Amino acid sequence: MRLRLIMLSIMVILLGGSFAPAQLRAASSPQYEPVSKSDSSEKEQLTLGQLRQKYADTFKTNGPSTKQVALTFDDVPDPRFTPQVLDILKKYKVRATFFIVGNRAEKHPDLVKRMVKEGHIVGNHSYNHPVFSKLSMNAFRKQILHTGDIIRDLAGYTPKMIRPPYGDINEQQLQWSAKQRYSIVNWNVDSLDWKGLTKDKVKENILSAVKPGSIVLQHAGGGVGSNLNGTIEALPEVIEELRNRGYELVTLDEMLGLPKGK
C-alpha cells in the first residue's frame, strides 16, 4: 500500500505541469504588445537634404550656376553691428539680403527702415529665434505671421522669403509654407562668423567655398557677448575679391527670380 502511494505521488508531480491552470501558464509566459497599424506605418523624419530635394520649388540653398553671389545677413537688426555692415555695403554700392528677427525689429525699427531705404531686401527670420522643428504648428505659424506683420509695417511688404533659425525646419512646416506661397532660403556658404572668428578666418571660409550661384551666410546681429568684428572687418575684402573674380553681388530675389513680397 505504501509503495502504491509513493508511485502515485511521483506520477502527479511529473504530470502536474501539463495540467496547470490556463491562468497560471499565461502569467508565466512573456507578454507581447501587438504593433498597431499607426506605429508600423509611421513615416521616418526626412533630413534637410531630403527635404530640399522633395520640395525643390520651395526650399532653396543656392541659385543658378551664373556668375552671381548673394550676401545675406541674419539676426538683425542689432545696433552693435548692423549699422557698421550697412555702412560698408553703402560704401561699396552692394545690395544684400537681411533676415529680420521680429522682436528686434520692434526694438530697432529705424534700422529696418534704413535697410529698405538703402535698397536692401528683407526676409523673415522668426519672432524670437526658436528652433522651428521643436515648435507646434500653431506656434510656428505665429512666429511667421506675427513677424511678417511687423516687417510689413516697417518695410512696406510682407517678405516672401523665410530663413529658419539654425536652418532647421520640418516637413509639415515646409508644406504649410508652400501652401502660403513662402520660399524657404538657407545657404551653401557658411562664414561661421557667429563663432567670433578673426577677419582672416571669416574671409577664408567664404572665399574658399564660393562658386557661381552661392548664397553666403553672415551675421549682422548676435546674442549677448557676440563678437562679429571678424565679419565686419572681412566684408570689404570679401566684396573686393568677389568682384575681382568677376562675380556680380545681388539680392536673393534677383538671384532666385522671386518677388520680395507675398
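Keep in mind it's a predicted model, so treat the numbers as computed, not measured.
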For this session: Please report the C-alpha distance between S136 and N138 in whole Å, then the side-chain angles of each, then the deciding distance to 0.1 Å, and finally whether the side-chain hydrogen bond (donor to acceptor under 3.5 Å, both in side chains) criterion is met.
Result: CA-CA 5 Å; S136 68; N138 187 50; 5.4 Å; no

Problem set entry | Those residues that, when tested against K142, pass salt bridge (charged side-chain N to carboxylate O under 4.0 Å, His left out) (two or more places apart) | none

Exercise. With sequence neighbours excluded, what pairs up with Y247 under the ring-ring contact (aromatic ring centres under 6.0 Å, His included) test?
Worked result: none

Seminar exercise, completed: Applying side chain to side chain donor-acceptor pair (under 3.5 Å) to R95 and not counting sequence neighbours gives E254

Problem set entry | Plane angle bin for H120 and F98 - parallel if under 30°, tilted between 30 and 60°, otherwise perpendicular | perpendicular

Exercise. Distance from L258 atom CG to Y182 atom OH, nearest 0.5 Å?
Worked result: 14.0 Å

Problem set entry | Under the salt bridge (charged side-chain N to carboxylate O under 4.0 Å, His left out) test, residues paired with D87 that sit two or more places apart | R114

For this session: Look at atom CH2 of W187 and say whether more than 12 heavy atoms of other residues, nucleotides or ligands are closer to it than 6.0 Å.
Result: yes

Problem set entry | Taking every non-hydrogen atom, the tightest pair across I169 and Q173 | CG1-OE1, 3.4 Å

Problem set entry | Nearest heavy atoms of G123 and P159, plus distance in Å | CA-CB, 3.8 Å

Exercise. Which residues satisfy the side chain to side chain donor-acceptor pair (under 3.5 Å) test with N188, sequence neighbours excluded?
Worked result: none

Problem set entry | Interatomic distance, I215 atom CD1 to L256 atom CG [nearest 0.5 angstrom] | 5.0 Å

For this session: With the side chain counted from C-beta on, respond yes when M115 and P77 share a heavy-atom pair under 4.5 Å apart, and no when they do not.
Result: yes

Problem set entry | Set of ring-ring contact (aromatic ring centres under 6.0 Å, His included) partners for H108, sequence neighbours left out | none

Would you list the atom pairs, donor with acceptor, under 3.5 Å between side chains in residues 195-204 and any protein atom, with sequence neighbours excluded?
from, atom 1, to, atom 2, distance (Å)
T198, OG1, K201, N, 3.3
K199, NZ, E237, OE2, 3.0
K203, NZ, E237, OE1, 2.8

Seminar exercise, completed: Of all heavy-atom pairs linking N205 and S191, the shortest is ND2-O, 2.9 Å

Exercise. Can you name the side chain to side chain donor-acceptor pair (under 3.5 Å) partners of D190, sequence neighbours left out?
Worked result: none

For this session: Evaluate the side-chain proximity of R141 to I144: yes if any heavy-atom separation is below 4.5 Å, no if none is.
Result: no

For this session: State the OG1-CG distance between T158 and D153, to the nearest 0.5 angstrom.
Result: 8.5 Å

Exercise. What about L217 and L48, same hydrophobic cluster or not, with Ile/Leu/Val/Met/Phe/Trp/Tyr joined at side-chain heavy-atom distances under 4.5 Å?
Worked result: no

Exercise. Just by distance, with hydrogens left out, do T72 and R163 show a side-chain donor and acceptor under 3.5 Å apart?
Worked result: yes

For this session: Kindly say whether Y127 contributes a backbone atom to a donor-acceptor pair with the side chain of Q143 at under 3.5 angstrom?
Result: yes

Exercise. Do D74 and Y166 come close enough that some side-chain heavy atom pair is under 4.5 Å?
Worked result: no

Exercise. Nearest 0.5 Å, what's the CG-CD distance between L51 and Q45?
Worked result: 8.5 Å

Problem set entry | Any side-chain heavy-atom pair of F81 and H219 under 4.5 Å | no

Exercise. Is there side-chain contact between E248 and K67, with at least one heavy-atom pair below 4.5 Å?
Worked result: no

Exercise. Okay, side chain of R152, backbone of G261: is any donor-acceptor separation there less than 3.5 Å?
Worked result: no

For this session: Going by the side-chain contact (heavy atoms from CB on, under 4.5 Å) test, name the single residue among I88, I206, V94, D193 that passes it with L235.
Result: I88

Exercise. Do W176 and F140 come within less than 4.5 Å of each other through their side chains, counting heavy atoms only?
Worked result: yes

Seminar exercise, completed: Taken in chain and number order and not counting sequence neighbours, the residues that satisfy ring-ring contact (aromatic ring centres under 6.0 Å, His included) with F59 are none

For this session: Give a yes or no on this: more than 12 heavy atoms of other residues, nucleotides or ligands lie within 6.0 Å of atom CD of Q180.
Result: yes

Exercise. Out of curiosity, T97 OG1 to D253 CG, how far, rounded to the nearest 0.5 Å?
Worked result: 6.5 Å

Exercise. What residues, two or more places apart in sequence or in another chain, satisfy side chain to side chain donor-acceptor pair (under 3.5 Å) together with R245?
Worked result: E241

Problem set entry | K262 atom NZ: more than 12 heavy-atom contacts under 6.0 Å | yes

For this session: Please report the shortest heavy-atom distance between A155 and V116, naming the atom on each side.
Result: CB-CG2, 3.6 Å

Seminar exercise, completed: Applying salt bridge (charged side-chain N to carboxylate O under 4.0 Å, His left out) to D168 and not counting sequence neighbours gives none

For this session: Give a yes or no on whether the backbone of I121 and the side-chain of T251 come within a donor-acceptor separation of less than 3.5 Å.
Result: no

Exercise. Side chains of T47 and R52: does their closest heavy-atom pair fall under 4.5 Å?
Worked result: no

For this session: Give a yes or no on whether Y55 and M137 share a hydrophobic cluster (residues Ile, Leu, Val, Met, Phe, Trp, Tyr; joining criterion: side-chain heavy atoms under 4.5 Å apart).
Result: yes

Exercise. Should V101 and I162 be regarded as members of a common hydrophobic cluster, given that ILVMFWY residues are connected when their side-chain heavy atoms come within less than 4.5 Å of each other, either directly or indirectly?
Worked result: no

Problem set entry | side-chain contact (heavy atoms from CB on, under 4.5 Å) partner of T82, chosen from D75, V112, V76 | V76

Problem set entry | Hphob cluster co-occupancy, L249 + I232, side-chain heavy atoms under 4.5 angstrom | yes

Exercise. Of all heavy-atom pairs between S126 and P165, which one has the smallest distance, and what is that distance?
Worked result: OG-CG, 3.5 Å

Problem set entry | Non-hydrogen side-chain atoms of I184 and L174 separated by less than 4.5 Å | yes

For this session: Report yes or no: does K93 contribute a side-chain atom to a donor-acceptor pair with the main-chain N or O of L89 at less than 3.5 Å?
Result: no

Problem set entry | Distance, nearest 0.5 Å, that separates NZ of K60 from CE of M161 | 12.0 Å

Problem set entry | Least distance between heavy atoms, T147 atom then I100 atom | CG2-O, 4.0 Å

Exercise. In chain order, what residues pass the ring-ring contact (aromatic ring centres under 6.0 Å, His included) check against Y92, with sequence neighbours excluded?
Worked result: none

